[in-house]
Amino acid sequence: MSESLNPSTVPAPAGPYSQAIVVTGPGKWLHVSGQIGVGADGATAEGIAQQTTLAWQNLVAVLAAAGMTVDHLVKVTTFLVDASHLSAVGPVRTRFLGSARPASTLVIVNELAKKEWLVEVEAVAFSAS
């Protein structure tokens, strides 16, 4: 069984999708849509470090809405529009992940859905309870 999750602590979906889908059964799976550097107020953060921080804050907020933390992450995918941003993104990611070490992929893309977006982070999490 699956349930859409759109917490009020992150921006409303910009299109026909959910911020996350919770799948229950033996354990609970959470598939989190790409989180970007936009606040719940719709404002885009300035610069790569600030956008990355806000994207991770949004991801953590979605996890919390599902009763999970970064320790439940099993897969994270990060999309960047500029490879030179890696040095700014890494420390932010490390700060949010702490000791959690999910499987990860980083992809450099030409652009995201809006030109002002510099980073997008999507994730899959699992809880046995």
Side-chain angles (χ1 to χ4, degrees):
M1 183 158 145
S2 66
E3 167 191 357
S4 293
L5 186 62
N6 291 297
S8 61
T9 53
V10 300
Y17 63 89
S18 296
Q19 291 294 13
I21 298 292
V22 178
V23 179
T24 54
K28 178 169 67 173
W29 287 96
L30 177 71
H31 295 261
V32 183
S33 294
Q35 299 300 304
I36 52 175
V38 174
D41 62 357
T44 301
E46 292 293 324
I48 187 62
Q50 294 83 358
Q51 283 196 26
T52 303
T53 297
L54 194 47
W56 273 95
Q57 286 173 343
N58 291 339
L59 176 57
V60 168
V62 172
L63 289 168
M68 296 182 181
T69 69
V70 295
D71 291 322
H72 293 99
L73 291 171
V74 294
K75 178 72 166 84
V76 174
T77 304
T78 303
F79 301 90
L80 290 178
V81 297
D82 188 335
S84 71
H85 291 162
L86 277 170
S87 61
V89 170
V92 174
R93 172 192 158 88
T94 299
R95 186 173 78 241
F96 279 93
L97 283 178
S99 62
R101 294 294 180 263
S104 298
T105 301
L106 183 127
V107 181
I108 307 299
V109 297
N110 287 330
E111 62 185 68
L112 296 170
K114 291 192 176 182
K115 289 269 189 203
E116 64 267 23
W117 297 347
L118 305 174
V119 61
E120 187 166 346
V121 182
E122 67 178 25
V124 177
F126 177 78
S127 174
S129 56

Handout entry: Test side-chain contact (heavy atoms from CB on, under 4.5 Å) applied to Val121 and Asn58, Leu59, Val89, Thr52, the passing residue
Key =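 With Val121 as partner, side-chain contact (heavy atoms from CB on, under 4.5 Å) holds for just one option, Leu59.
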Practice task
With Thr78 as reference, evaluate Thr105, Ile108, Val119 under the side-chain contact (heavy atoms from CB on, under 4.5 Å) test and give the passing residue.
Solution key: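 It is Val119; the other options fail the test.
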Do the non-hydrogen side-chain atoms of [X] and [Y] ever get within less than 4.5 Å of each other?
{"X": "Thr69", "Y": "Leu63", "result": "no"}
{"X": "Arg93", "Y": "Val76", "result": "yes"}
{"X": "Ile21", "Y": "Ser4", "result": "yes"}
{"X": "Val92", "Y": "Ile48", "result": "no"}

Closest non-hydrogen atom pair, [X] against [Y]:
{"X": "Glu46", "Y": "Gln50", "result": "O-OE1, 2.6 Å"}
{"X": "Pro91", "Y": "Ser87", "result": "CD-O, 3.2 Å"}
{"X": "Ala66", "Y": "Lys28", "result": "O-NZ, 2.6 Å"}
{"X": "Leu97", "Y": "Val70", "result": "O-CG2, 3.9 Å"}
{"X": "Phe96", "Y": "Gln57", "result": "CZ-CG, 3.6 Å"}

Handout entry: Whether over 12 other heavy atoms sit under 6.0 Å from Asn110 CG
Key =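 Result for CG/Asn110: open.
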Exercise for the section: Would you give the length of the straight line joining atom CD of Glu116 to atom OG1 of Thr44, rounded to the nearest 0.5 angstrom? Expected result: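 Reported value, rounded in 0.5 Å steps: 5.0 Å.
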Exercise for the section: Check the angle between the aromatic planes of Trp29 and Phe126 and answer parallel, tilted or perpendicular using the 30° and 60° thresholds. Expected result: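 Judged by the thresholds at 30° and 60°, the geometry between Trp29 and Phe126 is tilted.
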Practice task
Scan side-chain atoms only and decide if Gln35 and Gln19 contain a donor-acceptor pair under the 3.5 Å cut-off.
Solution key: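 Gln35 vs Gln19: donor-acceptor pair found between side chains.
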Handout entry: Within one Ile-Leu-Val-Met-Phe-Trp-Tyr cluster: Val81 and Leu54, side-chain cutoff 4.5 Å
Key =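 Different clusters.
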